[in-house]
*Asks:* 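Pasting a structure here, questions to come.
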Amino acid sequence: MKFWLLKSEPDVFGYADLMAAGTEAWNGVRNYQARNFLRQMQVGELCLFYHSSTRPAGVAGVARVVRAAYPDDLQFDGSSPYFDARSKPDSPSWSMVDVAAVAALPHFQTLDALRTKPELSGLRLLQKGNRLSVLPVSAEEFRIIVEAGGLSLDRLLVGPGEVLSS
DNA sequence: GCCAACGTTGGC
DNA sequence: GCCAACGTTGGC
């Protein structure tokens, strides 16, 4: 079981939008390292949903992977900003996963708050120059963040596929 | 709006 | 393969 962090700009698609949608295709990732992480994701794994390019930036909620990596259809859509003319249908360059809302953090975890915790000093999100939109998070880091946010990791881990309310 | 960090592109 | 130019990300 691995844990992840997904970045999104809330002005474009925030955690509230994921809750409203229920499930969403996580498409448009156009960075090879991030793509490789997407391809490692397995159904049932949990993700922190991080709001970037906003004030304050921080973790807003938890999502679950509900479909493993499959070809991102936008790469073949000439009208999409994510179109990639070099990608071939028989060997797609880019992948997406489907994620579902699990629970909003009762207490939004700001970037500043994350930075003050010594146990999170290894968190990739906090490393200098980090720009990846999909990142791995250790189990312990994940636990610290969701519990600081007011959720129980043990409760999140029971009943995969089930949407919990806080 | 600024700017540091970093990925990608393309000429050579 | 090198590397300068350029575009993007994202915090502030």
Side-chain angles (χ1 to χ4, degrees), chain A residues 2-21 24-41 45-65 69-99 101-138 140-151:
Chain A
K2 292 188 175 171
F3 296 87
W4 308 96
L5 181 145
L6 300 175
K7 283 185 193 170
S8 188
E9 299 186 20
D11 291 347
V12 179
F13 190 86
Y15 194 73
D17 298 308
L18 183 64
M19 296 213 86
E24 184 77 8
W26 209 255
N27 54 22
V29 172
R30 294 293 180 271
N31 170 283
Y32 287 104
Q33 231 183 318
R35 179 205 69 183
N36 293 341
F37 288 137
L38 281 182
R39 290 180 175 178
Q40 291 174 35
M41 290 182 173
E45 291 181 339
L46 296 175
C47 310
L48 299 170
F49 194 108
Y50 178 83
H51 284 176
S52 64
S53 296
T54 190
R55 287 169 83 90
V59 177
V62 177
R64 193 189 316 277
V65 178
Y70 61 108
D72 180 340
D73 45 9
L74 298 182
Q75 71 198 301
F76 304 122
D77 177 356
S79 67
S80 168
Y82 298 110
F83 176 67
D84 182 350
R86 293 175 305 181
S87 183
K88 303 294 192 313
D90 55 346
S91 61
S93 298
W94 306 109
S95 300
M96 61 183 175
V97 298
D98 289 353
V99 297
V102 174
L105 293 194
H107 308 292
F108 183 87
Q109 291 298 291
T110 66
L111 187 57
D112 276 353
L114 301 180
R115 283 204 250 259
T116 62
K117 298 185 192 304
E119 321 88 273
L120 296 179
S121 61
L123 189 68
R124 290 185 66 145
L125 178 74
L126 304 181
Q127 306 312 307
K128 183 174 169 183
N130 153 69
R131 283 170 36 186
L132 283 181
S133 61
V134 182
L135 302 168
V137 175
S138 76
E140 198 49 36
E141 290 163 345
F142 192 93
R143 174 184 294 279
I144 289 164
I145 294 167
V146 297
E147 294 189 351
L151 296 177

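The chains referred to below are lettered A, B, ... by the order of the sequence lines, with proteins before strands, and numbering in each begins at 1. Worth saying up front: this structure is predicted, and the values here are computed from it rather than measured. Because only heavy atoms are used, hydrogens play no part in the values below, and waters and symmetry mates are left out as well, while side chains stay in.
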*Asks:* So, A:T110 versus A:D112: side-chain donor-acceptor pair below 3.5 Å or not?
*Replies:*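 A:D112 and A:T110 do not have a side-chain donor-acceptor pair below 3.5 Å.
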*Asks:* With heavy atoms under 4.0 Å as the rule, sort A:S53 into base, sugar-phosphate or nothing.
*Replies:*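 Base, at least one base heavy atom under 4.0 Å.
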*Asks:* Between which nucleotides of DNA chain B, 5' to 3', does chain A make heavy-atom contacts below 4.0 Å?
*Replies:*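 The contacted stretch runs from B:dA5 to B:dT9.
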*Asks:* For the ring pair A:W26 and A:F49, is the centre-to-centre distance below 6.0 Å?
*Replies:*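 Yes, the ring of A:W26 comes within the 6.0 Å limit of the ring of A:F49, centre to centre.
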*Asks:* Answer yes if the side chains of A:S52 and A:E9 hold a donor-acceptor pair under 3.5 Å, and no otherwise.
*Replies:*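 No, no side-chain donor-acceptor pair sits under 3.5 Å.
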*Asks:* Which is it for A:R39 and A:S95 under the side-chain hydrogen bond (donor to acceptor under 3.5 Å, both in side chains) test, yes or no, and what are the steps along the way?
*Replies:* CA-CA 7 Å; A:R39 290 180 175 178; A:S95 300; 2.8 Å; yes
*Asks:* Hey, does A:R30 reach any base, or is it just sugar-phosphate, or nothing, if we go heavy atoms under 4.0 Å?
*Replies:*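 No contact.
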*Asks:* Base, sugar-phosphate, or nothing for A:R35, non-hydrogen atoms under 4.0 angstrom?
*Replies:*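 No contact at all - A:R35 keeps every heavy atom at 4.0 Å or more from the nucleic acid.
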*Asks:* Centroid-to-centroid, A:Y32 to A:W94, below 6.0 Å?
*Replies:*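 Under 6.0 Å, so yes.
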